[in-house]
Amino acid sequence: AVRMVESGGGSVQAGGSLRLSCAASGYTFRMAWFRQAPGKEGEGVAHIYTGAGNTYYIDSMQGRFTISRDNAKNTIYLQMNSLKQADPAIYYCAASTVRQATPLLTEFFRYWGQGNQVTVSS
């Protein structure tokens, strides 16, 4: 099993920035960020193939959020800039060890972090 430990998050004013981190305890093929806002369906934010470094973002995050990785630390990051009122949620990191390109959907990730709250104030 792969243990995922998240850090970062918190509260920021609209337009501000936050960075989330997620450290994995073992090998991963792909890691991702998801989020869930109160009363809404969870949604994927971005994923990264930890070997090649290829990334994917959902359209509404493109240009504002950046996913990156530090393979020496088995850690991924989510740099969130220009945070909006639509962004508050619990953000979860996730990992898959399956060597396969699959959609950014929860069912394709087996290992999950504990979640971190992100709050945006006006």
Sequence neighbours excluded, which residues qualify as side chain to side chain donor-acceptor pair (under 3.5 Å) partners of Q62? none

Are [Y] and [X] co-members of a hydrophobic cluster defined by side-chain heavy atoms under 4.5 Å apart?
X	Y	result
Y77	V118	no
L105	F65	yes
L83	I58	yes

Any donor-acceptor N or O pair under 3.5 Å, side chains [X], [Y]:
X	Y	value
Q85	D87	no
T97	R30	no
Y91	R35	yes

I need the minimum non-hydrogen distance between S25 and A1, along with the two atoms involved. OG-O, 4.2 Å

Tightest non-hydrogen contact, residues A94 and M4, listed as C-CE, 3.7 Å

Hey, does the side chain of R64 reach the backbone of S82 with a donor-acceptor pair shorter than 3.5 angstrom? yes

Worked verdict on N116 versus I90 for side chain to side chain contact (heavy atoms under 4.5 Å, CB included): CA-CA 5 Å; N116 259 327; I90 298 176; 5.8 Å; no

Using the benzene-type ring in the case of Trp, are the ring centres of F29 and Y49 under 6.0 Å apart? yes

What about F34 and F109, are their ring centers closer than 6.0 Å?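 That pair passes the under 6.0 Å test.
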
Quick check for you: to the nearest 0.5 Å, what is the distance between [X] atom [atom1] and [Y] atom [atom2]?
X	Y	atom1	atom2	answer
M31	S96	CE	OG	11.0 Å
T119	Q13	OG1	CD	13.0 Å
M61	M80	CE	CE	10.0 Å
S21	R69	OG	CZ	15.5 Å
I76	L20	CD1	CG	9.0 Å
L18	Q79	CG	CD	8.5 Å

Could you go through the side chain to side chain contact (heavy atoms under 4.5 Å, CB included) check for E6 and W33 one step at a time? CA-CA 11 Å; E6 296 183 41; W33 292 99; 3.7 Å; yes

Does the side chain of F108 come within less than 4.5 Å of P103's, by heavy atoms?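 In contact.
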
Hey, are the side chains of T106 and W112 touching, using non-hydrogen atoms and a 4.5 Å cut-off? yes

For Y57, run the side chain to side chain contact (heavy atoms under 4.5 Å, CB included) check against V45, I48, T66 and tell me which one passes.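 Of V45, I48, T66, side chain to side chain contact (heavy atoms under 4.5 Å, CB included) with Y57 is met by T66 alone.
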
Dump the intermediate steps for side chain to side chain donor-acceptor pair (under 3.5 Å) on T75 and D70, then the final yes or no. CA-CA 5 Å; T75 298; D70 181 338; over 6 Å; no

